[in-house]
Amino acid sequence: MQMSSTIMNSALVISEADRTAFATVSKAIDYDALEELHYLGNYRRKLPVNIARMMENAHDWEHLPFVHPSAFAAIELIDSGKWGWRTKVALPSTGETQLLQLLVDNDRNYWATSVLAGSGQGVHIHTQSEAVSDDAIMVDVRFYMDEAPATKEMAAMTLTYLQSLYTQLYDEDQTLMQGRQEALDRKFKKVESGASSIDLGPTNKIEQSLPYVFELDGNRYCLNRWQGK
């Protein structure tokens with residue numbers, strides 16, 4: 001996806017203070033630091049997708065407001081690389097913002113998301129994904145906070161909220177990842193010889209509905225004009 005998030009919300013801009021907030025933060029996951037955090041609980045789920053689509057999804061910061069509009073209203077990139085990404089996001093309804101960082105350990109199929117500033121500051125979410133078959137994975141999402149909530153009741157409420165949120169996020173991500181895999185399967189599917197023909201109808205009717213998508217011999221095609229042809 002190559003759409004600029006500024007189209008969605010031109011008021012979401014990156015300030016020098018936003019960039020400074022990341023200045024001393026490492027771009028590598030500090031596993032030892034987990035011992036200093038308060039562990040709330042976890043969320044486990046089996047997903048009918050392969051590990052490649054899952055890791056692709058973790059790196060894809062751009063999809064957040066498009067696939068998860070109830071959780072993210074807009075997003076702007078601050079920095080990204082093989083190590084992960086740093087962004088500023090706007091939350092729906094409230095207009096509040098967050099500085100989000102997601103660090104990826106590609107070798108371990110592991111990533112850690114942290115809210116460094118704004119609403120929810122101090123929340124850290126570590127996710128381990130593991131292939132259980134060629135087309136299924138298990139994710140173990142673990143929720144941490146910088147400080148323990150004031151009461152056990154608040155801790156339980158926070159955990160319940162995060163578990164509910166991630167249930168919804170993975171419902172939506174599953175649809176996205178399966179759609180990507182289906183598109184790849186169609187793209188690389190071997191075209192059998194002796195493919196049948198198809199009558200698409202009058203040219204003038206097709207012109208009115210370009211781009212025109214159709215299937216032929218089990219393959220999906222898109223008909224459109226390019227450079228007047």
Side-chain angles (χ1 to χ4, degrees), residues 1-6 8-9 12-37 39-40 42-45 47 49-68 71-91 97-131 137-146 162 165-166 168-170 172-174 176-177 180-181:
M1 183 181 296
Q2 298 298 322
M3 184 179 296
S4 171
S5 55
T6 54
M8 300 183 64
N9 187 343
L12 187 61
V13 297
I14 305 299
S15 68
E16 191 58 36
D18 294 332
R19 298 185 186 280
T20 301
F22 291 101
T24 60
V25 180
S26 174
K27 292 181 178 179
I29 298 174
D30 185 355
Y31 293 100
D32 293 334
L34 288 175
E35 298 180 3
E36 302 173 6
L37 301 176
Y39 175 64
L40 285 172
N42 71 332
Y43 169 74
R44 285 175 57 83
R45 177 167 177 172
L47 294 167
V49 298
N50 61 46
I51 197 70
R53 298 290 76 76
M54 184 71 259
M55 297 309 297
E56 176 184 70
N57 192 73
H59 278 282
D60 180 18
W61 61 270
E62 289 178 287
H63 82 275
L64 295 182
F66 299 94
V67 179
H68 312 299
F72 303 97
I75 191 166
E76 280 290 350
L77 180 66
I78 295 176
D79 194 11
S80 67
K82 292 182 179 180
W83 50 268
W85 46 261
R86 293 168 170 174
T87 63
K88 183 175 185 177
V89 301
L91 305 181
T97 62
Q98 294 177 327
L99 292 182
L100 285 184
Q101 173 176 268
L102 186 143
L103 302 178
V104 185
D105 185 335
N106 295 287
D107 293 332
R108 294 178 59 175
N109 297 321
Y110 188 104
W111 60 95
T113 308
S114 297
V115 183
L116 298 186
S119 178
Q121 181 177 348
V123 173
H124 307 273
I125 302 166
H126 286 239
T127 305
Q128 176 70 67
S129 59
E130 181 181 359
I137 63 171
M138 180 67 72
V139 292
D140 184 5
V141 187
R142 294 178 169 256
F143 306 109
Y144 300 86
M145 296 182 70
D146 283 343
L162 290 171
L165 173 63
Y166 268 72
Q168 178 179 335
L169 294 178
Y170 274 114
E172 295 165 342
D173 274 337
Q174 177 177 313
L176 171 65
M177 290 185 286
R180 285 174 164 170
Q181 188 61 53

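Count residues from 1 along the sequence.
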Next on the checklist: To the nearest 0.5 Å, what is the distance between CG on Leu34 and CZ on Arg142?
Outcome noted: 9.5 Å
Checklist entry - Taking side chain as C-beta onward, heavy atoms only, is Trp61 less than 4.5 Å from Leu77? => result yes
Item to check | For the student: nearest non-hydrogen atoms of Tyr144 and Tyr39, plus distance | outcome: CE2-CD1, 3.6 Å
Item to check | side chain to side chain contact (heavy atoms under 4.5 Å, CB included), paired with Phe143, selected from Val123, Leu37, Leu40 | outcome: Leu40
Checklist outcome for this item: To the nearest 0.5 Å, atom CG of Leu102 lies from atom CG of Leu64 at 9.0 Å
Item to check | Identified side chain to side chain contact (heavy atoms under 4.5 Å, CB included) counterpart of Val139 within the set Glu130, Gln128, Arg44, Met54 | outcome: Met54
Next on the checklist: Tell me which one of Val49, Leu176, Asn50 satisfies side chain to side chain contact (heavy atoms under 4.5 Å, CB included) with Gln181.
Outcome noted: Asn50
Next on the checklist: Determine whether Arg108 and Ile29 satisfy the following criterion, side chain to side chain contact (heavy atoms under 4.5 Å, CB included), listing intermediate values before the conclusion.
Outcome noted: CA-CA 11 Å; Arg108 294 178 59 175; Ile29 298 174; over 6 Å; no
Item to check | Pairwise distance CG(Asn109) to CD1(Ile137) - rounded to 0.5 angstrom | outcome: 8.5 Å
Checklist entry - Rounded to the nearest 0.5 Å, how far apart are CG of Asp18 and CD of Glu76? => result 10.5 Å
Item to check | Minimum side-chain heavy-atom gap Phe22-Asp79 below 4.5 Å | outcome: no
Checklist entry - To the nearest 0.5 Å, what is the distance between OG1 (Thr113) and CG (Leu103)? => result 8.5 Å
Checklist outcome for this item: Nearest heavy-atom approach of Leu169 to Ala71 is CD2-CB, 4.2 Å
Checklist outcome for this item: Residues Lys88 and Val13: closest non-hydrogen pair is NZ-O, 3.1 Å
Next on the checklist: Do Arg180 and Asp60 make a side-chain contact, defined as non-hydrogen atoms from C-beta onward lying under 4.5 Å apart?
Outcome noted: yes
Item to check | Note, Leu100 side chain near Trp85 side chain (heavy atom, < 4.5 Å) | outcome: yes
Next on the checklist: Donor-acceptor pair, distance only, cut-off 3.5 Å: does the side chain of Asp140 make one with the backbone of Asn42?
Outcome noted: no
Item to check | Nearest non-hydrogen partners of Ser26 and Arg86, listed with the distance | outcome: O-NH2, 3.5 Å
Item to check | Salt-bridge present (Asp173, Arg45; N to O < 4.0 Å) | outcome: no
Item to check | Inter-residue atom distance Tyr43.OH - Leu165.CG, 0.5 Å rounding | outcome: 10.0 Å
Item to check | Minimum heavy-atom distance Tyr110-Met55, with the two atoms named | outcome: N-CE, 4.2 Å
Next on the checklist: Quick check: do Gln98 and Gln121 have side-chain heavy atoms less than 4.5 Å from each other?
Outcome noted: no
Checklist entry - If every non-hydrogen atom of Ile51 is compared with every non-hydrogen atom of Ser129, which pair is closest and at what distance? => result CD1-OG, 3.4 Å
